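From a predicted model like this one, the values you see are computed outputs, not experimental measurements.
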Amino acid sequence: MCSGCNRTHPVRKRAKGFERVSLKVAEDEQGPWAVLQVSGEMDLVTSPAVRQHVHDAVADGRRSLVLDLSEVRFCDSSGVGVLIAARRLMRSCQGRLRLILPAQGAVDGSHVNRVLAALGVRRLFEVYPDLLTAVDEAAAPLSA
């Protein structure tokens, strides 16, 4: 849900004469953590929406951010770029960034996890299997 209007903002793409929703970003809060639940595809067209939500959270004073990527079906290099930029932004403001990948995916290889590992950047992120673990201050991230 958007903090400004309490709605989820879908990003739409046109393909062969019809419009389809390819990405949704819902905002939530869990204690000190701002949670962005991303679902769909993170690609060249849709990734800027995720980047904007991250920037909006920081502009609102949020310094603890969880990106829930458990419903992301596809992530290209543009999506990875947004994740790396989000990490850089959170570190520059002494903030924290945690990613959620599906419990079995974070270990066995969800699409996003496989892409991050293939590019050699998976180790840069704190990855958790679910929201409860991600917002638990005492929980340890999954190993890379």
Side-chain angles (χ1 to χ4, degrees), residues 1-135 139 141-144:
M1 294 291 223
C2 174
S3 58
C5 64
N6 292 325
R7 294 185 315 164
T8 299
H9 296 279
V11 175
R12 301 180 187 281
K13 291 198 301 189
R14 286 205 167 278
K16 296 188 180 186
F18 66 93
E19 189 173 286
R20 64 183 172 94
V21 174
S22 61
L23 180 92
K24 288 184 182 178
V25 180
E27 297 179 16
D28 194 12
E29 290 184 17
Q30 296 286 325
W33 293 92
V35 180
L36 297 180
Q37 298 166 321
V38 182
S39 61
E41 301 174 2
M42 286 180 58
D43 59 21
L44 182 63
V45 174
T46 61
S47 292
V50 177
R51 181 185 313 266
Q52 188 60 54
H53 279 274
V54 170
H55 282 269
D56 290 348
V58 171
D60 288 343
R62 304 311 297 256
R63 296 300 180 261
S64 299
L65 180 64
V66 173
L67 288 177
D68 183 349
L69 306 175
S70 58
E71 298 296 322
V72 173
R73 298 183 311 270
F74 175 80
C75 181
D76 68 7
S77 59
S78 302
V80 173
V82 167
L83 298 178
I84 292 171
R87 178 183 181 271
R88 187 178 312 123
L89 175 64
M90 296 309 293
R91 289 173 64 91
S92 73
C93 65
Q94 287 74 49
R96 303 179 291 174
L97 174 66
R98 294 181 174 180
L99 304 183
I100 297 175
L101 297 174
Q104 73 281 6
V107 176
D108 298 331
S110 71
H111 179 78
V112 176
N113 196 56
R114 286 192 317 265
V115 169
L116 293 176
L119 294 172
V121 296
R122 164 63 177 77
R123 63 181 166 66
L124 298 176
F125 298 98
E126 291 185 20
V127 175
Y128 294 81
D130 55 49
L131 182 58
L132 276 159
T133 309
V135 299
L142 297 169
S143 60

Quick one: pull up CD in Glu27 and CG in Asp60 and give me the separation to the nearest 0.5 Å.
8.0 Å
Of all heavy-atom pairs between Leu142 and Arg122, which one has the smallest distance, and what is that distance?
O-NH2, 3.7 Å
How close do Leu97 and Glu126 get, heavy atom to heavy atom, and via which atoms?
O-CB, 4.1 Å
What's the spacing between Ser22 OG and Arg73 CZ if we round to 0.5 Å?
8.0 Å
Would you confirm whether Thr46, through its side chain, and Glu41, through its main-chain N or O, come within 3.5 Å as a donor-acceptor pair?
yes
Looking only at heavy atoms, the pair that brings Val38 and Val72 closest together is O-CG2, 3.6 Å
Do NZ/NE/NH1/NH2 and the carboxylate oxygens of Arg62 and Glu29 come within less than 4.0 Å?
yes
Main-chain N/O of Val66 paired to Arg96 side chain as donor or acceptor, under 3.5 Å:
no
Looking only at heavy atoms, which two atoms of Asp43 and Pro48 are closest? And how far apart?
O-CD, 4.3 Å
Got a second to check how far Leu65's CG is from Leu99's CG, nearest 0.5 Å?
9.0 Å
Main-chain N/O of Gly79 paired with Ser47 side-chain donor or acceptor, under 3.5 Å:
yes
Between Pro141 and Tyr128, which heavy-atom pair has the shortest distance, and what is it?
CD-OH, 3.5 Å
If you round to the nearest 0.5 Å, how far is CD1 of Ile100 from CG of Leu131?
4.5 Å
Kindly compute the distance separating CG (Asp76) from CG (Leu44), expressed to the nearest 0.5 Å.
7.0 Å
Taken to the nearest 0.5 Å, the spacing of Glu71 CD from Gln37 CD works out to 9.5 Å
Paired with Met42, the side chain to side chain contact (heavy atoms under 4.5 Å, CB included) test is passed by just one of Val25, Leu83, Val80, namely Leu83
In terms of heavy-atom contacts, Arg98 and Ala134 come closest through NH1-O, 2.6 Å
